[in-house]
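Predicted, not measured: the structure shown is a model, and the values here were computed from it.
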Amino acid sequence: MHMSSDEKGFVWELAGTRVTRRSLLKGAAAVGGLAALGPVAAACGGDEEPSEGENGAGTPNKGGDLVVGIVGGSAKDTADPHIGSYEPDIAIQYIMFEGLTMWDWDMNLQPLLAESFEPNADGSVWQFKLRDGVLWHDGSPVTADDVVFSMERIVDPADPKVASAALTGVGPGTVKKVDERTVEFQLTTANVLLAENLAERSAKIIPVTFDPMNPVGSGPFKMVDMKPGEQFKWEAFADYWDTPPYVDTLTMVEFADDTARINALSSGQIQAMSQLPKSQAQVIEGTDGLALLNAETGGWRPFTMRIDVKPFDDVRVRQAFRLIVDRQQMIDQAYSGIGAVANDMYARYDAGTPDLPQREQDIEQAKSLLKQAGYDGDLTVELVTSEGALGGDEVAAAQVFTEQAKAAGVTVKLKKVDAGVFYGEDYLTWPFAQDFWATRGFLAQASQGTMPDAPYNETHWDNAEWLALVQQAFKTVDDAERNALISQAQEIEYNEGGYIVWAWRNQLDAYSETTTGYKMDKLAGPIGRMYFKDVYFV
């Protein structure tokens with residue numbers, strides 16, 4: 001499982017650890033939420049230059065001031081990469097900071113600040129060798145001391161940061177400096193996913209002297225102006241360890257609503273925008289000079305059924321609800337046809353995900369299962385949703401489900417709440433609700449959402465056979481053996497779990513064809529994970 005920077009150059013995780021979900025969506029600013037979650041962008045080492053054919057690119061031109069419109073945050077926007085959760089914070093995390101590892105555009109894990117990494121036989125000890133010659137924006141070198149400092153700060157028990165929940169086995173004192181360019185993780189529990197965990201967007205490395213009011217990173221852009229709630233500006237970092245950016249400056253402007261961002265793009269005020277509503281995709285495609293970024297991702301927004309309360313404590317009811325859904329109809333009506341049918345499993349790109357029969361709508365079988373469970377056309381449930389927390393697409397999906405359920409004799413009453421209520425004190429208690437998650441592998445997702453002690457076990461999933469397989473997988477270094485365990489665990493959840501995973505959600509953004517070099521990101525990061533190093537004016 002040894003990997004070096006010579007094999008391929010880079011990696012990210014849009015991550016979206018959901019440790020700060022409540023704070024993420026408190027207030028009106030968090031419209032249309034990010035995958036948390038959740039993996040957006042930084043400098044990808046070893047990435048090829050844009051070539052003819054990619055977004056119509058030709059010979060890259062140098063210079064120019066790139067302006068990008070993003071979903072508005074607030075005066076609380078932060079340049080601290082370990083705590084940010086709003087879209088401006090996430091943009092900052094990826095534009096100017098880097099982690100030890102990252103996901104490439106084909107969802108392969110690669111070294112980034114690390115030159116190489118290697119675990120011991122059971123994944124309980126990992127050693128990372130840092131890339132030589134990497135500089136902070138102030139000109140000082142990136143060293144092992146910075147890595148140790150960063151990890152200690154993230155897992156500080158008195159003030160744990162966002163990535164702490166994902167860094168299984170990493171605790172105070174577990175990260176040791178071996179020499180100036182080598183660190184060793186001596187984990188409290190074996191974790192074969194550590195290198196993946198370190199690709200989380202909130203696990204970035206910062207200098208020992210870090211000051212969030214005067215942030216210094218190692219990415220391709222360095223900040224020159226910071227106006228929280230309004231805009232941020234960077235200039236290209238000439239001493240970046242990989243190929244420096246083509247543009248001279250990058251400015252991120254915050255907009256309060258979708259219409260304002262679209263108007264700014266159409267008028268030429270900005271060259272790219274994040275989070276294009278799916279209903280506007282055809283408008284962008286039909287407008288001369290504008291282009292659509294339509295990325296197929298592993299992002300998913302499930303219906304959640306609590307398996308420990310009625311009626312969902314009966315597996316037959318859970319199976320019936322999954323059979324009620326006409327997945328393609330829901331995509332067509334809620335997502336304007338933009339998305340892919342999913343099959344109640346949440347790790348689209350995981351090599352261990354089994355190929356199980358696609359679950360289709362079967363109203364008669366659903367009615368039969370419900371009748372066996374004691375419900376003969378007389379079941380009424382409440383479905384909690386939120387436009388502020390989940391966006392209009394998800395409310396539309398809830399409305400479609402409400403209509404589909406009628407055919408099976410199920411009455412669904414929609415309860416629409418604002419974001420603060422949805423992710424407030426009652427979050428994780430709703431018997432039947434919706435939510436959002438970003439692209440992750442199976443074990444990483446399980447540690448966040450389905451293990452009994454996961455911080456966001458919204459279905460209250462607790463299955464001893466499943467748990468034993470997952471725990472063994474966390475200690476299995478051999479890929480084939482681990483994938484076999486994952487496959488067995490996913491099949492159990494496919495048959496008995498509390499999620500209705502009905503679609504994979506495409507990430508839609510837009511840009512002006514005066515620029516090119518944007519990436520298509522499977523991690524669901526806005527505007528190609530905010531990776532602007534290779535963007536240039538044509």
Side-chain angles (χ1 to χ4, degrees), residues 16-28 30 33-38 85 160 162 164-166 300-322 324-325 344 346 370 373-375 379-391 393-395 397-399 401-402 405 410-438 440 445-464 466-467 470 493 496-502:
T17 71
R18 302 167 31 147
V19 172
T20 58
R21 269 183 177 276
R22 294 183 187 178
S23 61
L24 167 63
L25 288 159
K26 278 183 179 176
L34 296 189
L37 32 202
S85 293
V162 173
S164 61
W300 52 291
R301 298 200 172 183
F303 292 90
T304 63
M305 302 176 286
R306 264 188 64 179
I307 70 170
D308 60 341
V309 297
K310 289 185 178 297
F312 303 110
D313 57 346
D314 191 316
V315 67
R316 294 169 296 191
V317 174
R318 303 197 296 274
Q319 291 170 341
F321 271 51
R322 286 168 158 181
I324 285 172
V325 181
D344 299 324
Y346 45 70
L370 289 170
Y375 303 101
L379 177 58
T380 297
V381 297
E382 181 180 78
L383 173 56
V384 182
T385 188
S386 172
E387 187 163 312
L390 304 168
D393 294 349
E394 305 317 312
V395 173
Q399 291 167 338
F401 183 85
T402 297
V410 177
T411 299
V412 179
K413 295 182 177 180
L414 287 187
K415 180 180 180 179
K416 300 178 184 179
V417 300
D418 64 29
V421 172
F422 192 88
Y423 287 118
E425 293 181 358
D426 291 328
Y427 176 53
L428 304 181
T429 70
W430 310 118
F432 190 37
Q434 294 173 281
D435 209 342
F436 69 86
W437 288 94
R440 279 195 180 87
Q445 181 62 47
S447 69
Q448 290 291 297
T450 44
M451 294 183 76
D453 59 351
Y456 301 104
N457 186 351
E458 54 205 341
T459 68
H460 294 220
W461 175 248
D462 190 357
N463 180 293
W466 178 92
L467 182 60
V470 170
E493 205 169 346
E496 303 177 31
Y499 279 127
I500 302 173
V501 185
W502 57 277

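Arg301 places no side-chain N or O within 3.5 Å of a backbone atom of Gln434 that could act as its donor or acceptor partner. The backbone N or O of Phe312 sits less than 3.5 Å from a side-chain atom of Arg318, completing a donor-acceptor pair. Side-chain atoms of Asp435 do not come within 3.5 Å of backbone N or O of Pro302 as any donor-acceptor pair.
Across Trp502 and Ala397, no two heavy atoms sit closer than the pair CZ2-CB, 3.6 Å. In terms of heavy atoms, Val417 sits closest to Val384 at CG2-CG1, 4.1 Å. Across all non-hydrogen atoms, the minimal contact from Ala389 to Ala419 is N-CB, 3.8 Å. Closest of all the heavy-atom pairs between Ala446 and Ala454 is O-CB, 3.9 Å. Shortest non-hydrogen contact noted between Ala165 and Pro455 is CB-CG, 4.3 Å. Between Phe422 and Trp430, the closest heavy-atom pair is O-NE1, 3.4 Å.
Contact of the Pro431 side chain with the Val381 side chain is not registered, since no non-hydrogen atoms from C-beta on lie closer than 4.5 Å. Between Leu379 and Thr411, the closest side-chain pair of non-hydrogen atoms is not below 4.5 Å.
Between Tyr499 and Thr450, the side chains place no donor N or O within less than 3.5 Å of an acceptor N or O (distance only, hydrogens not considered).
Note that the CD1 atom of Ile500 and the OG1 atom of Thr459 stand 11.5 Å from one another [nearest 0.5 Å]. Separation of atoms CE (Met451) and CG (Asn457) is listed at 10.0 Å; rounding is to 0.5 Å. Rounding to the nearest 0.5 Å places CH2 of Trp466 at 7.5 Å from CH2 of Trp461. Atom CZ in Arg322 sits 5.0 Å away from atom CE in Met305 (nearest 0.5 Å). Atom OG of Ser386 sits about 12.0 Å away from atom OH of Tyr427, to the nearest 0.5 Å. In this structure, CD in Glu382 is found 9.0 Å from CG in Leu414, a value given to the nearest 0.5 Å.
Residues passing the salt bridge (Lys or Arg N to Asp or Glu O under 4.0 Å) test with Asp314 are Arg316, sequence neighbours excluded. In terms of the ring pair (Phe, Tyr, Trp, His ring centres under 6.0 Å) criterion, Tyr375 has no residue partners (sequence neighbours excluded).
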Exercise for the section: Could you go through the side-chain contact (heavy atoms from CB on, under 4.5 Å) check for Phe436 and Glu394 one step at a time? Expected result: CA-CA 9 Å; Phe436 69 86; Glu394 305 317 312; over 6 Å; no

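In summary, the aromatic rings of Phe401 and Phe303 are positioned with their centroids under 6.0 Å apart.
The residue from Glu458, Arg306, His460 that alone fulfils the side-chain contact (heavy atoms from CB on, under 4.5 Å) condition with Thr429 is Arg306.
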